[in-house]
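Everything on this sheet refers to the single structure shown next.
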Amino acid sequence: MSQHFPAFIIVIPLIAAFFIFTAGWLKRTYCFYIAAVALAISLFSSFGLLLQVLQNKVVVYHFGGWSPPWGIAYRVDYLNGIVLVVSAAIAFLNLIATKKSVEKEFIERVGPFYALYVLFVTGTMGIVVTGDAFNLYVLLEIASLTGYALIGMGTEHAALASLNYVFMGTIGASFYLLGIGYLYIATGSLNMFDIASILPNIFQSNVVLFAFVICLTGLFIKMALFPMHTWLPNAYTYSPSPAISLIAPLTTKVMVYVMIRILLSVFTPSFSFKSMAVNTSFVWLAVIAIVVGSILALSQQSLKRMLSYVMIAEIGYMVGGFWLANRAGITGAILHIINDAAMTLCVFLVAGNILYRVPGDSFDNLKGLFRKMPFSMGAFVVGALSIIGVPPTCGFFSKWYLITGGIAAGHYGFVAALLFSSLVNVVLFFRIFEIGYFEPFGDLHISGSMDEEEKTFDDAPLGMLVPLMIVAAGLIALGIYTDTLVTKVIQFAIPGGIS
Amino acid sequence: METIVSIRPFLAVLVSILAVPLIVSTRRTNFREGWTFFAAFAKFSIIASMTPVILDGVEIEYTIAQVLPSVAIKLKVDAFGMLFALVSSFLWIVTSAYSIGYMRRLKEHSQTRYFCYFALSLSATIGVAFSANLLTLYLFYEMLSFATYPLVTHHQDMEGRSSGRKYLLFIVGSSIGLVLPAMLFIYHMTGTLEFTQQGFIAGIVPPKLIWILVLLFVFGFAKAAVMPFHSWLPAAMVAPTPVSALLHAVAVVKVGVFCILRVLTGVFGTQLLFSSQMDTVVLYLASFTIIAASLVALSQDSLKSRLAYSTIGQLSYIILGAALLSPKGMIGGMMHIAMHAFGKITLFFCAGAIFVATGTKNISQMVGIGKRMPVTLSCFFIGSLSVIGIPPGGGFISKWYLILGTLEADQRFMLFILLSSSLLNAAYFLPIIYKAFFCTPEESLFENKIDEAPPWCLVPLTITAICSIFLFFYPEPFFSLAKIVSVGIFSGQ
Amino acid sequence: MDNLFLYFGIFLSLIMGLSLYRALFGPTVLDRMVGVNAIGSKTTALLVVIGLLYHRVNMFVDIALAYAMLNFIAVLASSRYFQKKKNLHEEIGRK
Amino acid sequence: MKWFGFIAVFLCGSLFIYGTVEFPGWGDPLSPTSTHVSPYYIEKTMEDTSVPNIVTAVLADYRGYDTMFETAVIFSAGIACLFLLRQMKRKKTDFRLYRHTATGITFRIEKGGKLPPTAKEFERIDGLWTPYDLIIKTTGRFIIPFIQIFALYVIAHGHHSPGGGFQGGVILGASFVLFAISHDLRSALNRMSEKLTAFFYTLGVYIYAGTGALCILLGANFLDYSALATILFVDPVTARSHGILIVEIGVGIAVMAVMVILYYNLVSAGKFDEGL
Amino acid sequence: MVDLLTIIISKYNYWGYIVLMMIGLYAMIVKKNLVKKIIGMSIFQTAIIFFYVSIGMKKNATIPIISHGHDGGEHAVHAVDFINPLPHVLMLTAIVVSVATLGVALALAIKVYQQYNSLEEDEIDSQIKVK
Amino acid sequence: MGSSALKHNSPKSPRQTRSIAPFLLTFFILFGIWLLLSGRFDGLHISLGVISCLIVAFLSSDLLFTSSETKGMTVTWLRFLRYIPWLLHQVFLANIHVLYLTFHPRMMDLIDPEIIRFRSKLKSNISLLTFANSITLTPGTITVYVSVYGDFQVHAIDKPSGRPLPGEMEERVGRIFSE
Amino acid sequence: MIWQLDLIILTFVIFCGIGAITIKDLLGAAILFGAYSFMMSLLWAIMGAVDVSFTEASVGAGVSTVFFVSAVFRTTRRTKD
Amino acid sequence: MNIIVIIFLVLGLIFFTGGSVGIIRFPDFYSRLHPAGKLDTTGLLMTMLAAALYTIQDFSTESLLTGLKIMLIVVFVFITGPTATHAIVDAGIRAGLRPWTKKEKAD
């Protein structure tokens, strides 16, 4: 059965999504369990695939028995193997962690919610695993559509934010599609690796250049790189918390993965990194993204919105790291996809937990949270430290690679931006810590007693805490096993030509 | 040099982390503090058990995790680290006891949290002491910064908040902004971060960059409170006194100094420093700090602030000792870590005890207090002797070696600095003693009866005072450790 | 014969332009509906003509058939709009 | 803003037009698109699948996996719309309107009043109700069965003529939409209830994905219809043809149901009471 | 002159797609009305579909359905005789996607309207700011 | 009064009580259409056709015919067929009239739109529909509104177009459905 | 390929598109968008993409205009641009 | 045969032209519907007839069926066309659009 793993990853959740929807009519509680089982299988399969990849280098699966370029093939190699496992794990953990809050927030809509949830995961994982450029578009649309819906059910101005996301997302996806069309004009093929084998003959062609630019523009919009980021903060701020802790870790990160995949596997490094001027300007773009994201984050007054801006900066990390076009930089970018996904999950889960207990996530509502929900906030501290980049959490190590990449490429602007962003993150997160730590206990020092501690303790339910703790521990574990990750997997994901 | 692999250093780091869940999970206060004590003793005994091995000139290594190619999170115990670890782990025991008295008497809130973070900070301190490479050092350094933040801001009031901000701004800002890039740059140039006896960047890094790197490190380890980066320390004095005592006389600030020393010797190496003349720069920086801090201390009325500025000055002694680049100076610097620790902690304990007993923080209000708290103030006297460097205070030994070092390195100016600074020290400590014992208050502020702090406070400070004297007569373990270090470092010359 | 069909098609599409004029500039929405409806019927005819030009009219006739059937759904929907909201220009406030 | 937008768009467009310079000419039979992958489809489709409509063959077989996700996209759009708009909790209005069908008299029943028996003489209406239009209604009645049979014809004959699951499904869905428009939403809901629709669109995707999964169970790759030969008792090539038909039917059902549910949702803003 | 005509004939379709795409883009950038934006979005997507279909076009070829029995019996199929089917397949999917997106977008627009009683972005913005 | 005509206005038309006759009739008509559409007479397609027709007949037979209208269907159909050529003739004549109007340079002087109201004798839905559509098809007149009782409002473009209504056409339509 | 027809229809399509986004009435815009969709379908038929044309015909004529109209019905026709 | 086809085509064209010119020229919405609604329908009938005739020229079952299908289009258009026209008119009445009459013009 193990040869069907690539199909299982996608197909099992897909079928499960249909089941969930039907089961929702019967009994609402079934939905969660079906989703959990499906995602568990998916996680298991992706893990199995990663192991296969570690043994056999590349796993290829032909759908319909047609070999590429005629049929659609899934191709799992080191790069997507690891991203796959991480996405599956995130989806699964978030599912478990948000059970309670889904039941609270979507009383009547649990069935559709889980169906959309699982479909979103299907789309995302499909994007990661597919080897066909057009198939990627379709999966992208699945992920986006479900994402729009999930975000649109949020609070306050969610519908408007989601609609804006629809517009931007559609432009992005359409641009990607257009880019694929240009590639198709130039090569006549849709399979990524087939395109890659044809492209070297026609590198000089204007069409390929345009394909490159258009694809990138689309992907940049989708991943919310700085000038095209406008959809992200609103969408993420108003979205329901169980959804956002799924969408935020996966969407943008996976889009960065797609960028890396397209540029490394389709256009090949010899085209993508041909011109130093292009690389540098993209890195500068990333630098601007980092700086602007960080500064904008400073001016925010609610937790999720602040995190959204932090994410915009983080996207700058990955994009910039990739465009440094050296081994350390790309390693850093890939590593940061994984790490950032994990830490985003962590902080957004905490935001979800907070919202589960507290009416809103604006900073005024965070007062005294360390006392009220110490475990959640503990996990938040870990996540925050990771985003700041403090060893031994994983964020440090990807930042490490990124900065070494920046130094190696001689791009000190990027290095400075990274350091600047770390410092800003310190300010950002410690501001929250301060609020959570100081605010309501100004005079407790005098009258404080142990009893009051007991009374105010009101953390999220255990079912939400345990996965959160696992994620937080995972952040540290990821950090500690960084080298294993890099030497066993990521270094093979980068083509040999890049030094 | 022989090396053995053993898990003991890791255990020494881990033991107090492991104590955290125990402390958190216990509801009864006695058990909670029992766990703290247990952890402290366990830590000290583990470290002590390694001492003989180290004294034999053997190093102990333990790799926790390989995190980057050619860089691991790795612990290595050598004489220098051992010295520092011994001092801090021993003082933890004492401070734990003192904390119990202090905290309970003042009915501080959130004592559980207090003890947790105390334990965590100690782990980090030992981790720094035992780090085998720059990355590990950085890791534990940051861990210490974050673990002490809740301690510094323990009172959770506006003052705590602003000083917490200052604390973080200086400590974390400088470490991320200055140390991290320097470290990354070194890694980029050399591909390794492992400390060696003679440094590893000589010949690889261009000389011009050495200047920048050294300065980045010296200022970046802001915990050492070298002068422009010092102002967090007085601010951090809002913390409860045991915190100030252990962390801001021993653990945190000494970690900063330790890091600077470690990096100067282990990364740059004495020869490189000498050849690039960076030693002079560091020397002048340190001497400036010494004099300036002492002068500022003179003007402080709050006892803890005065102690804090004193600390700033004393820390730079150590840096100065190392920067002299002479074996004797090095020994002096190392010894001063221990000696100053015992002396200063006594002083802080005393300040705390006075606060506990009378609620007084300012020196001007302490007129005649010696009659009321004779034991405390006697210990205070001993402590100040040690810090000033007058026999039989332990500080005399380290200062002596420092002076020898200046002579050895032929730095007359530094000699002058040291001596004048000692005078200043005396000038800001002795009046307190004088006022306390020999002046009678105008109003009968204190009744003329003995009213000491509770025994949980009193006993520890007595112990440290006794130790301080004891070390004057028997500095052997620290001395031999310092000697090993010095020999190791300067054997190449 | 092919040419004839081609010219017929071209002429038809030009005529379609006239209907399009009504659809674009029709003073009221209803005029636009008239124009679009007219465009629809011409489209049906054009589809068949294109089929003839490709010599595969049996393939195109299905499309035209679908068109003939579905074209009026849109018109119907728009006209139902006016049955429910009885005003041509302005908007009544939502209840 | 307007001028800025116009200039930006204009510049962007000029750039794109510059990009077309090196395109192969429109309709050039020697362009890479026409010479690399597609000739295989054109020349081999008959051998491989015995389906004359190459588009259908490529859609449902060679790139059947894409099409499965296409169905999933439609499915998720259906759920998304339901999720976003459907108002599960009915807001209790103060009154209900009923119409006596024989006389056309409208009753307004205040809250707490006795509801009429759910006999067929009464029907519930709301404020937007308009009198039935005889012509439209009757035409609708007459034409709907033909639209439906045509839709099914399109689904079934996707192999030989343009069309297939999606087109047929849309037409089928449109026939229900037509019913809802020409009659009213309540009678359309009586005919095609929400749950039935939901059942249909899950059924459709089940059929598609289930066929694929069946292929795995029969020992071939996902969606490799030739494996179906063993249970359909035909040769593998015909099995592919039949497999395509099966999945097209699935697509058709799913698309039909989703179009209907989308219409229901949009037109009643999720309240499922009264539409166009 | 003839050359120019050839260029126009061989390229105008692509220009057409660009013009359409830009119309859509313009609507999405400039228009404040949400439904207008949705229309722009649909036009934008259609333009890309149009582009793909143009790619698939082949001169002197017939539609990609193999006719059989018409001329009697099976005969060899030449790729040159049939229009490239692949873009059509892709665009079927793309159309489906655009319909799906349209549905969701309209649903969201209705939701927005229910919330703010307006479809104009600037009016909604001023409402948000007031709150 | 027209209770039979009103029956279909009820959305809850009695599906369970419908007889088999309309079902079969629908089935055969649809099957004829299927054969016409399909043009393939192999087993697979025929069986598909049968299945499809069954489905549609099941779904919609109550739309196409109700039991009251199935009686005498054949005769009606035949008569209806006879009506068509006449209708086409009328359509053609009237078309030419409108065409003449359209291209007439002084069109505005010729036309004189007005709305004509009259009451038709016809009763059943189907006959009303046929009549209404016939009116609409013959240019110059458009049915604006028909009530279930046969009240017609017709928009005529000029006097000559509106004059013959209801007239001959109504009689013919009535004859088809024997009313 | 019938480029003459194609050219004419393409021009109309562009006009239709411009019209659909400029008309100051959403219902009108929706209706014009329907016309746009009809012509698009024609264009694809001209280019030989029968399946695409069929899809667009059924979608454009059958559902997408209806969706627009229903959305407009449930919201408002008013638009400022 | 071709001649008949051509005649029908031309007739169709004339009707179509009439329809289109009509909806440009006529003064108001209701009168525009007259040419639009049915000149188009008739034009379609003519065109389809031409197409059907042309198709069944090379006689075979398939072409016959195609021809019949083309005529089927006409049937449907004959059913739906008037209905659509009627629907639009109805909408106009309900929307409150007053028909243009000579009298008003005279006033």
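Throughout, protein chains are lettered first and strands after them, A, B, ... in sequence-line order, and every chain is numbered starting at 1. Here the structure is a predicted model, which means the values were calculated and not measured. For the numbers below, each heavy atom of this structure counts, side chains included, while hydrogens, waters and symmetry mates do not.
Across all non-hydrogen atoms, the minimal contact from D:Ala209 to A:Ile15 is CB-CG1, 3.6 Å. Across every non-hydrogen atom of A:Asp194 and D:His36, the tightest pair is OD2-NE2, 2.6 Å. Scanning both residues, A:Phe21 and D:Leu82, for their nearest heavy atoms gives CZ-CD2, 3.6 Å. Closest approach of A:Ala186 and D:Pro32 over heavy atoms only: O-CG, 3.3 Å. Of all heavy-atom pairs between D:Phe16 and A:Phe175, the closest is CZ-CE2, 3.7 Å. Smallest separation of non-hydrogen atoms from A:Asp132 and D:Arg63: OD1-NH2, 2.6 Å.
Proximity to chain D is limited to the side chain of A:Phe106, based on heavy atoms less than 4.5 angstrom apart. Both the backbone and the side chain of A:Ile142 come within less than 4.5 Å of a heavy atom in chain D. No part of D:Leu203 comes within reach of chain A, as not one of its non-hydrogen atoms sits under 4.5 angstrom from that chain. A:Leu150 touches chain D through backbone and side chain together, each having a heavy atom under 4.5 Å away. Interface remark: A:Phe210 contributes side-chain atoms only to the contact with chain D (heavy atom separation under 4.5 Å). Contact annotation for A:Thr187: only backbone heavy atoms (N, CA, C, O) come within less than 4.5 Å of a heavy atom of chain D. Only the side chain of A:Leu178 comes within contact range of chain D, with at least one heavy atom under 4.5 Å from a heavy atom of that chain. Contact annotation for D:Ala227: neither backbone nor side-chain heavy atoms come within less than 4.5 Å of a heavy atom of chain A. Both the backbone and the side chain of A:Ile72 have a heavy atom closer than 4.5 Å to some heavy atom of chain D. Only the side chain of A:Leu14 comes within contact range of chain D, with at least one heavy atom under 4.5 Å from a heavy atom of that chain. No part of A:Ala159 comes within reach of chain D, as not one of its non-hydrogen atoms sits under 4.5 angstrom from that chain. Contact of A:Ile202 with chain D is not made at all, since no heavy-atom distance falls under 4.5 Å. With a 4.5 Å cut-off on non-hydrogen atoms, A:Val138 touches chain D through its backbone and its side chain both. Heavy-atom distances place the backbone of D:Ala220, and not its side chain, under 4.5 Å from chain A. If you measure heavy-atom distances from A:Thr122 to chain D, the contacts under 4.5 Å come from the side chain alone.
Residue with the most contacts toward chain A among D:Tyr18, D:Phe23, D:Tyr201: D:Phe23 (heavy-atom pairs, distance under 4.5 Å). Of all the listed residues (A:Pro69, A:Ala17, A:Gly111), the one sharing the greatest number of non-hydrogen pairs under 4.5 Å with chain D is A:Pro69. Between chain D and the residues A:Ala7, A:Ser189, A:Gly152, A:Ser162, the most heavy-atom pairs under 4.5 angstrom are made by A:Ser189. Counting heavy-atom pairs under 4.5 Å between each of D:Ala77, D:Ser76, D:Gly210 and chain A puts D:Ser76 at the top. Highest contact tally toward chain D, considering only A:Thr146, A:Ile198, A:Val11, is held by A:Val11 [criterion: heavy-atom pairs under 4.5 Å]. With chain D as the partner, the residue from A:Leu209, A:Leu139, A:Asn191 showing the most heavy-atom pairs under 4.5 Å is A:Leu139. Contact tally against chain A (heavy-atom pairs below 4.5 Å) for D:Leu15, D:Asp66, D:Val37: the top residue is D:Asp66. Put simply, of D:Thr202, D:Thr20, D:Thr35, D:Val58, the one with the most heavy-atom pairs under 4.5 Å next to chain A is D:Thr202.
Annotation: A:Phe203, atom CZ; neighbour count of heavy atoms from other residues, nucleotides and ligands within 6.0 Å is above 12.
Shown are A:Tyr74, A:Tyr61, A:Trp66; of these, the ring-ring contact (aromatic ring centres under 6.0 Å, His included) with D:Tyr65 is made only by A:Tyr74.
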side-chain contact (heavy atoms from CB on, under 4.5 Å) assessment of D:Phe222 paired with A:Ile10: CA-CA 11 Å; D:Phe222 189 75; A:Ile10 311 304; over 6 Å; no
Can you list the steps and then say if A:Trp70 with D:Tyr62 is a ring-ring contact (aromatic ring centres under 6.0 Å, His included)? CA-CA 6 Å; A:Trp70 298 289; D:Tyr62 293 99; 8.8 Å; no
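D:Asn221 contributes no side-chain N or O that, together with a main-chain N or O of A:Gly64, makes up a donor-acceptor pair within less than 3.5 Å. At least one donor-acceptor pair closer than 3.5 Å links the side chain of D:Tyr206 to the backbone N or O of A:Phe19. Judged by distance alone, the side chain of D:Arg86 and the main-chain N or O of A:Arg109 form no donor-acceptor pair under 3.5 Å.
Taking the six-membered ring where tryptophan is involved, the planes of A:Phe18 and D:Phe75 are perpendicular, since the angle between them exceeds 60° and thus also 30°.
Residues A:Ile185 and D:Ser31 have side chains not in contact (no heavy-atom distance under 4.5 Å, counting atoms from C-beta outward).
The CG atom of A:Leu183 sits 12.5 Å away from atom OG1 of D:Thr33, with the distance rounded to the nearest 0.5 Å. In this structure, the separation between OH on A:Tyr184 and OG on D:Ser38 is 5.0 Å, given to the nearest 0.5 Å. Taking CE of A:Met153 as the reference point, atom CZ of D:Phe83 lies at 5.0 Å (rounded to 0.5 Å). In this structure, D:Ile79 CD1 and A:Leu116 CG are separated by 5.5 Å, a value rounded to the nearest 0.5 Å.
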